[in-house]
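Worksheet: the structure to be examined is printed underneath.
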Amino acid sequence: MKLVTKYIVDIGLLISFLLVTVTGIIKFKSFLAIFGVAINYSEIPIRVLSRIHDWAGIAMALLVLIHLILNWDWIVCTTRNLFGKKK
């Protein structure tokens with residue numbers, strides 16, 4: 001069950017990451033101009049785009065928190081192995 005939960009959380013992270021990244025790039029006019037990409041912003045519903053960007057960011061933050069909680073034992077164990085006292 002924990003493996004399925006981790007899988008679902010990771011898929012959610014991937015989807016929210018892609019949404020935040022794509023909407024952020026579209027909203028960042030200067031970034032696109034650097035690469036010579038021209039977008040007609042009058043045809044893009046910026047309010048909808050911003051709402052998707054904001055909610056995907058909130059979802060991503062919550063999913064990162066859940067991801068850290070689900071993997072906390074591994075994080076602690078790995079940290080101890082990397083930075084613990086050497087024998």
Side-chain angles (χ1 to χ4, degrees):
M1 182 64 182
K2 190 172 181 179
L3 184 64
V4 173
T5 304
K6 285 182 175 186
Y7 180 78
I8 291 168
V9 168
D10 287 348
I11 294 299
L13 277 170
L14 174 65
I15 292 168
S16 61
F17 169 77
L18 291 173
L19 284 171
V20 168
T21 302
V22 170
T23 56
I25 289 171
I26 292 171
K27 288 175 63 175
F28 194 11
K29 297 175 185 178
S30 301
F31 181 77
L32 292 174
I34 291 170
F35 295 101
V37 177
I39 292 181
N40 185 354
Y41 282 91
S42 64
E43 296 177 6
I44 295 176
I46 295 297
R47 276 193 169 154
V48 174
L49 195 70
S50 290
R51 185 161 287 187
I52 292 169
H53 183 78
D54 295 346
W55 281 106
I58 291 169
M60 187 167 60
L62 291 173
L63 289 167
V64 164
L65 181 62
I66 293 167
H67 179 82
L68 289 172
I69 290 167
L70 291 172
N71 292 289
W72 188 251
D73 292 337
W74 177 85
I75 293 167
V76 170
C77 182
T78 302
T79 302
R80 283 184 182 148
N81 287 337
L82 289 173
F83 299 107
K85 293 181 181 177
K86 304 288 184 195
K87 291 184 179 180

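Values below: all heavy atoms of this structure, side chains included; hydrogens, waters and symmetry mates excluded.
Residues passing the side chain to side chain contact (heavy atoms under 4.5 Å, CB included) test with Val48 are Pro45, Ile52, sequence neighbours excluded. By the side chain to side chain contact (heavy atoms under 4.5 Å, CB included) test, Asn40 is found to be paired with Ser42, Glu43, residues two or more places apart in sequence or in another chain being considered. Checked against side chain to side chain contact (heavy atoms under 4.5 Å, CB included), Ile44 has the following partners two or more places apart in sequence or in another chain: Ile26, Ile39, Tyr41, Ile46, Leu49. Applying the side chain to side chain contact (heavy atoms under 4.5 Å, CB included) test to Leu68 and every residue at least two apart in sequence or in another chain returns Val64, Ile75.
Here the closest non-hydrogen pair linking Ala56 and Leu19 is CB-CB, 3.8 Å.
Residues Ile11 and Ile8 are members of separate hydrophobic clusters, defined by side-chain heavy-atom contacts under 4.5 angstrom among Ile, Leu, Val, Met, Phe, Trp and Tyr. Under the 4.5 Å side-chain heavy-atom criterion for grouping Ile, Leu, Val, Met, Phe, Trp and Tyr, Leu3 is not connected to Leu13 through any hydrophobic cluster. Cluster membership check: Met60 shares its hydrophobic cluster with Leu14, using side-chain heavy-atom separations under 4.5 Å among Ile, Leu, Val, Met, Phe, Trp and Tyr. Connection of Val4 to Ile66 is not established within any shared hydrophobic cluster, with ILVMFWY side chains joined at heavy-atom distances below 4.5 Å, either directly or through further cluster members. By the criterion of side-chain heavy atoms lying less than 4.5 angstrom apart, applied directly or through intervening Ile, Leu, Val, Met, Phe, Trp or Tyr residues, Ile34 is grouped together with Phe28 in one hydrophobic cluster.
Residue pairs meeting the side chain to side chain donor-acceptor pair (under 3.5 Å) criterion with at least one member in residues 20-39, sequence neighbours excluded: Thr23-His53, Lys27-Ser50. Counting only residues at least two apart or on different chains, the side chain to side chain donor-acceptor pair (under 3.5 Å) pairs with a member in residues 3-17 are Lys6-Asn71, Asp10-His67.
Between the CD1 atom of Ile69 and the CG atom of Leu65 there is a distance of 4.0 Å, given to the nearest 0.5 Å.
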